[in-house]
Amino acid sequence: MLRATLRSLFALTLALASVAWPGTTPVRATAPTPPMGFNDWNAFGCDVDDQLIRETADAMVANGMAAAGYRFVNIDDCWSLPGRDAAGRLQADPKKFPYGMKAVADYVHARGLRLGIYGDAGTRTCAGYPGSLGHERIDARTWAQWGVDYLKYDNCFNGSDGSRADYVRRYTTMASALRATGRPIVYSICEWGESAPWSWAPGVGQLWRTTGDITDTWASVKSIIAGTLPVLASAGPGHWNDPDMLEVGNGGMTETEYRTHLSMWAMMAAPLIAGTDLRTLTPSALAILTDRDLIAIDQDPLGAPATVTGNVLVRPLSGGDQAIALYNPGDAATVLTASITLPAAPAYRLHDVWSGADSTAATTSITVTVPAHGATVYRVHPLTGPVAP
Ligand code: GLA
């Protein structure tokens, strides 16, 4: 009898120990609005190190980007050694990260920011470093122990049979491994839109890439927009389409094109992950990246997708406003008209996001000439009460 009681007490203790250590309860990261931050890949490729990440965190605070909402400092490919340690763990390259990755996380956290890292759902990363396929649990644990808050999980060397089931399996295995760490880690699925992730990823990760890699060219931005507009409806609070990181500031596009890049990312409720050197930002790139009106549209708490009619996007915002973008992907200026549905009101205030001008209109039909590669964006607000002449 006594032995039986002791045995059941022992079993109970074991059961409790396996579920309830503080800080290890399985949790899920959330991204109620699209994540904002920085990633080194677009501007630096494999040239990532401790100094760059620390200086980027400092720059993000000093230049006002942190205050504008940018939060994640994300390390991309090439951070690790080519081999695992004797215990099978990934190791940060000590030449690039001489103080280890935990020290980087501590530095970033001390500035009120979050640290992101990169892994791959294959045998090797795209640049040839160790992949996590078959090592999901130990890699997720390693990242959690370092204090990582965000994982971008790539798709190179995946040995896949190309089936959707294989994509779902590989990406879900890492989702479970992240959850099992007990640390909330935002999970950014990067399989380049290959298995139509918008149809299965909303329950698995917080964001998923919709297309192949962006480059610092207008042709690339235009084609990514065209590839993402048809799937906007699959996003919402906690799960976002990711048309890839920003190129604003890298020099390959005109000011108009960079404005369109940010305008359309905001209209698409995309993550805003700056991909340029934040330590040497020009005033114009900083102004685009921190545009308050566009960030408010991107981060609108309703998280409602835009509807697309031709080259006109209309996005409902919380509080009854609407964002409208008249987008001109063409090579000549063109006249575009938007007609939107808003509650009947005596008049509407149109706030032109880029010029800052406010005007009052009696109808919700807007006709403007949009320059080549341009986007004119308005925030429309129904006015109540009498309108001043
Ligand atoms: C892939 C990803 C890129 C970048 C590189 C790194 O191409 O899509 O965003 O992470 O790998 O090697």
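Order of appearance sets the numbers: ligands from 1, and atoms from 1 within every ligand.
Taking 4.5 Å as the limit, some side-chain heavy atom of Lys96 sits within range of a side-chain heavy atom of Cys78.
Scanning the protein for heavy atoms near atom 12 (O) of ligand 1, the closest one is Asp77 OD2, 2.8 Å. Ranking the protein heavy atoms by distance from atom 11 (O) of ligand 1 puts Asp154 OD2, 2.8 Å first.
For the pair Arg169 and Tyr171, the cation does not sit on the ring face, since its NZ or CZ is not both under 6.0 Å from the ring centre and inside 45° of the axis.
Close contacts between ligand 1 and Arg209 involve ligand atoms 8 (O), 9 (O) [criterion: under 4.0 Å to a heavy atom]. Proximity to Cys126 (heavy-atom distance under 4.0 Å) selects the following atoms of ligand 1: 1 (C), 11 (O), 12 (O). Counting the atoms of ligand 1 from 1 in the order shown, those under 4.0 Å from a heavy atom of Trp192 are 2 (C), 8 (O). Proximity to Lys152 (heavy-atom distance under 4.0 Å) selects the following atoms of ligand 1: 3 (C), 4 (C), 9 (O), 10 (O).
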Criterion ring pair (Phe, Tyr, Trp, His ring centres under 6.0 Å) on Trp79 and Trp146, from CA distance to verdict: CA-CA 14 Å; Trp79 57 266; Trp146 288 343; 5.6 Å; yes
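For the side chain to side chain donor-acceptor pair (under 3.5 Å) with His373, the lone residue among Asn328, Asp331, Thr256 that qualifies is Asp331.
Checking only distances, Trp41 never comes within under 3.5 Å of ligand 1, N or O to N or O.
Comparing heavy-atom distances from atom 3 (C) of ligand 1 across Thr211, Asp213, Asp76 singles out Asp213 as nearest.
The proximity of Cys190 to ligand 1, defined as any non-hydrogen pair under 4.0 Å, is limited to the side chain. With a 4.0 Å cut-off on non-hydrogen atoms, Thr125 does not touch ligand 1 at all.
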List, one per line, each side-chain donor-acceptor pair under 3.5 Å for residues 262-278, sequence neighbours excluded.
residue: Ser263; atom: OG; partner: Arg259; partner atom: O; Å: 2.7
residue: Ser263; atom: OG; partner: Trp354; partner atom: NE1; Å: 2.8
residue: Trp265; atom: NE1; partner: Asp244; partner atom: O; Å: 2.9
residue: Thr276; atom: OG1; partner: Gly249; partner atom: O; Å: 3.4
residue: Thr276; atom: OG1; partner: Asn250; partner atom: OD1; Å: 2.6
residue: Asp277; atom: OD1; partner: Arg279; partner atom: N; Å: 3.0
residue: Asp277; atom: OD1; partner: Arg279; partner atom: NE; Å: 2.9
residue: Asp277; atom: OD2; partner: Arg279; partner atom: NH2; Å: 3.1

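For the disulfide bond (SG atoms under 2.5 Å apart) condition, the pairs that include at least one residue of residues 79-137, sequence neighbours left out, are Cys126-Cys156.
Under the 4.5 Å side-chain heavy-atom criterion for Ile, Leu, Val, Met, Phe, Trp and Tyr, Leu350 and Val353 are members of distinct hydrophobic clusters.
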